[in-house]
Amino acid sequence: MPARRTVSRRAAIAGCLVLGVGLLGGAAAGSWLGGGGGAPATQQAYHAGRELWHSEPVDTLFPRKVRGLGAGPGGADRTWTRIAVAPDGACKNAFDPLLAKALSPAGCERLLRATYADATTTSVTTVGIVVTRTDEAGMRALRERFTGEGLGERRDLMPRTYAAKGTAAADFGDAQRASWEIRVMPDAPIVVYAVTGFADGREVADPRPAREAAKAGATSAPAQAGLGHDAHGLADRTERTLRKATTQATGSPS
């Protein structure tokens, strides 16, 4: 009798284990097929993000007018008008060497750029969208490095401008860069950046990262002119646009 009871007990335990594994497997399969917050949903979002550059019209990625409520110094509203769009292409020669090296682990699938002018045409800002080739882990690692090492605020890692001929940004070159912001998106294969300067072509001897230039009480030339707010505002709104487009492409709730 004791032997029979032991066998029966072992059989019951084994049955429970099989049932438990089956239930866990079913739950995992449901998450996989339904896209409910699991790895496949993330992969779907990554795929959608990587396709945005040729699935979305340029007026969606770079609207003709961008309005920033409370985005200026002292909470003033800002409006930026698109004055030029660069042909999409590769990242080769698009960045200073050190920034190119810092971004290289993620690879470059495509680079999109547009330049905006503020409402008074006293400042110009180039906005860039780098579509990378890496996966989720690669983007997380890149974001952690940029955040942990403060790479986005290093002057020798400023993005380059897009100086379109015949526009207010015609003289917007390397020496005119005044403030900038770089955003590595952790949930999409995308890096967003913005770099701003004066429309009159004046050189800037002391450029400052947007976070610093937009601080209350900052006294640098970029801060006094609101250029940190321009860089931050356009980078922020471009990231929001990309997130919204990705959400719509995947059919996920916003």
Side-chain angles (χ1 to χ4, degrees), residues 41-64 66 80 82-116 124-147 151-152 157-165 167 169 172-174 177 180-196 231 233-252:
T42 304
Q43 292 170 0
Q44 186 182 21
Y46 260 72
H47 177 74
R50 187 164 283 122
E51 296 296 310
L52 287 179
W53 70 270
H54 60 71
S55 65
E56 294 290 337
V58 66
D59 285 350
T60 297
L61 300 178
F62 297 120
R64 293 178 182 274
V66 177
W80 302 279
R82 193 185 75 201
I83 58 175
V85 177
D88 62 85
C91 290
K92 185 177 181 181
N93 300 323
F95 301 112
D96 287 349
L98 285 180
L99 180 54
K101 183 178 180 181
L103 293 173
S104 64
C108 176
E109 180 69 26
R110 218 69 180 173
L111 173 64
L112 314 176
R113 293 173 297 169
T115 296
Y116 288 81
V124 286
T125 306
T126 292
V127 180
I129 299 172
V130 181
V131 183
T132 71
R133 291 177 177 169
T134 193
D135 57 10
E136 303 98 306
M139 289 303 293
R140 284 197 299 270
L142 185 67
R143 181 182 174 89
E144 287 171 5
R145 186 177 176 218
F146 263 75
T147 302
L151 299 186
L157 295 177
M158 275 193 296
R160 282 181 175 165
T161 69
Y162 174 56
K165 295 180 180 179
T167 72
F172 187 27
D174 288 350
R177 294 176 292 185
W180 72 97
E181 182 158 309
I182 302 174
R183 295 186 171 205
V184 180
M185 295 175 62
D187 49 0
I190 294 172
V191 176
V192 174
Y193 67 84
V195 55
T196 189
L234 280 166
D236 181 69
R237 277 143 190 83
T238 300
E239 181 178 348
R240 290 188 199 178
T241 295
L242 294 171
R243 290 189 184 282
K244 181 178 179 181
T246 300
T247 297
Q248 292 174 339
T250 58
S252 302

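We use all heavy atoms of the structure for the numbers below, so side chains are in, but hydrogens, waters and symmetry mates are not. We count residues from 1, following the sequence as given.
In this structure, Ala235 and Val192 approach most closely via the heavy-atom pair O-CG1, 3.8 Å. Nearest heavy atoms, Phe95 versus Ala100: CB-N, 4.0 Å. Minimum interatomic distance between Ala102 and Leu142 (heavy atoms only, all atoms of both residues): O-CD1, 3.5 Å. The two residues Ala164 and Ala84 come nearest to each other via the heavy atoms CB-CB, 3.3 Å. Closest heavy-atom contact between Thr196 and Val124: OG1-O, 2.9 Å. Nearest heavy atom pair, residue Asp174 against residue Arg160, reads OD1-CG, 3.7 Å.
Arg243 places a side-chain heavy atom less than 4.5 Å from the side chain of Glu239. Inter-residue side-chain proximity for Leu111 and Trp53 is flagged as unmet; no heavy-atom pair is nearer than 4.5 Å. Within the 4.5 Å cutoff, the side chain of Leu112 has no heavy atoms near those of the Val85 side chain. Put simply, the side chain of Asp187 does not reach to within 4.5 Å of the side chain of Glu136, judged on heavy atoms. Inter-residue side-chain proximity for Tyr162 and Val127 is flagged as unmet; no heavy-atom pair is nearer than 4.5 Å. With a 4.5 Å cut-off on side-chain heavy atoms, Thr115 and Thr167 do not count as touching. Counting only heavy atoms from C-beta outward, the side chains of Met158 and Tyr193 never approach each other to under 4.5 Å. Contact check for Arg183 versus Arg143: no side-chain heavy atoms found under the 4.5 Å cut-off.
With salt bridges taken as basic N to acidic carboxylate O contacts below 4.0 Å, none links Asp135 and Arg140.
Checking Thr126 against Thr161 by side-chain atom types alone, no donor-acceptor pair falls below 3.5 Å.
Expressed to the nearest 0.5 Å, how far CD of Glu109 lies from CD of Glu51 amounts to 8.5 Å. Put simply, CD1 on Ile190 and CG on Leu52 are 5.5 Å apart, with the number rounded to the nearest 0.5 Å. How far NZ of Lys101 is from CG of Asp96: 14.0 Å, rounded to the nearest 0.5 Å. Here Leu103 contributes atom CG and Thr134 contributes atom OG1; the two are 12.0 Å apart, rounded to the nearest 0.5 Å.
The side-chain contact (heavy atoms from CB on, under 4.5 Å) test applied to Arg64 returns Asp59, Arg82, not counting sequence neighbours. In this structure, the side-chain contact (heavy atoms from CB on, under 4.5 Å) partners of Arg50, at least two apart in sequence or on a different chain, are Val131, Thr132, Pro189.
The closest donor-acceptor contact from the side chain of Thr241 to the backbone of Arg237 lies under 3.5 Å.
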